[in-house]
Amino acid sequence: YSATIYATKKWERIKFYSERSIIEFREEKDFSKFYNLLADNDGFLLDYAFYLRNKKDYSKSMDILKRGYTISNNPIFALSIAELNENLGNEDEAELYYKKTCAMVPSKLYPLYKLAYYYYNTKRHEDFRRLANYIIHFSPKITSKRTDMMKEDIIELLDIKVKCINPTKY
C-alpha cells in the first residue's frame, strides 16, 4: 500500500512539472516503472495513454486506454478510444466507442457532437442528418456558450451538406 502511495506521489509530481514545461521531458520509463502499482489509477492511465499517443505509439496507447475503459466509468476513455480508432481508420470500432460514450453520458452534448462529426467526415450523410436533427433539438442538462457553439457548428455543417446535395435550391 505504501509503495502505491509513493508511486502516486512521484507520478503526480512528475506530471505537475511536465504540465508547466514548454517541452515534454518525461520518457516512457517514467510511466512504465509505475505501471504495475498504478494500473488501477484512471488518472495515471489517461496520462500514460495520452503521452503514448503524442509519441505516436498508437498500439500501446490503445492498450492503455482499453485497460482504463475496463476499470473506470470515465467516458474520456471511450471517447479517446473512438478518436484513436477513427484516426487509425478503424471505422467500425470508432463508431462503436462513440456510441458507447453517448450512452455513458446521455445528458451531454459533446459525445453526440463528436459522433455527428464522425458521420460527417466518413460521408455517412443520412446518419449525419438524423443525428444533426437530434442535436439541434437536444436540451443538454447544462447549457453554455460551448454547447451553443456546438449546435451552431452542426447547423452550419448541415446547411453545407444540404447545399452540396441540392445546389440548385440555393
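The figures that follow rest on heavy atoms only: side chains count, while hydrogens, waters and symmetry mates do not.
A donor-acceptor contact closer than 3.5 angstrom links the side chains of Y119 and E95. No hydrogens or angles considered: a donor-acceptor pair under 3.5 Å links the side chains of D153 and Y113. Residues E86 and Y98 have side chains that bring a donor and an acceptor to within less than 3.5 angstrom of each other.
Listed by chain and number, the residues in a salt bridge (charged side-chain N to carboxylate O under 4.0 Å, His left out) with D63 amount to none (sequence neighbours excluded). With sequence neighbours excluded, no residue satisfies salt bridge (charged side-chain N to carboxylate O under 4.0 Å, His left out) with R146. E24 pairs by the salt bridge (charged side-chain N to carboxylate O under 4.0 Å, His left out) definition with R26, not counting sequence neighbours.
For the pairing with W11, the ring-ring contact (aromatic ring centres under 6.0 Å, His included) check across F44, Y48, F34 returns one residue only, F44. Put simply, the residue from K33, K55, K60 that forms a salt bridge (charged side-chain N to carboxylate O under 4.0 Å, His left out) with E28 is K60.
In this structure, R20 is positioned above the aromatic face of F16, its NZ or CZ under 6.0 Å from the six-membered ring centre and within 45° of the axis.
Relative ring orientation between F31 and Y51 is described as tilted, the plane-to-plane angle lying within the 30° to 60° band.
Distance check, rounded to the nearest 0.5 Å: SG of C102 to NZ of K108 gives 12.5 Å.
In this structure, L45 and I71 have side chains that are in contact, with non-hydrogen atoms separated by less than 4.5 Å. Counting heavy atoms from C-beta outward, T122 and F128 have side chains that stay 4.5 Å or more apart.
Between R67 and D40 a salt bridge is recorded (basic side-chain N to carboxylate O distance below 4.0 Å).
Around the CD1 atom of I5, the shell of radius 6.0 Å holds more than 12 heavy atoms that belong to other residues, nucleotides or ligands.
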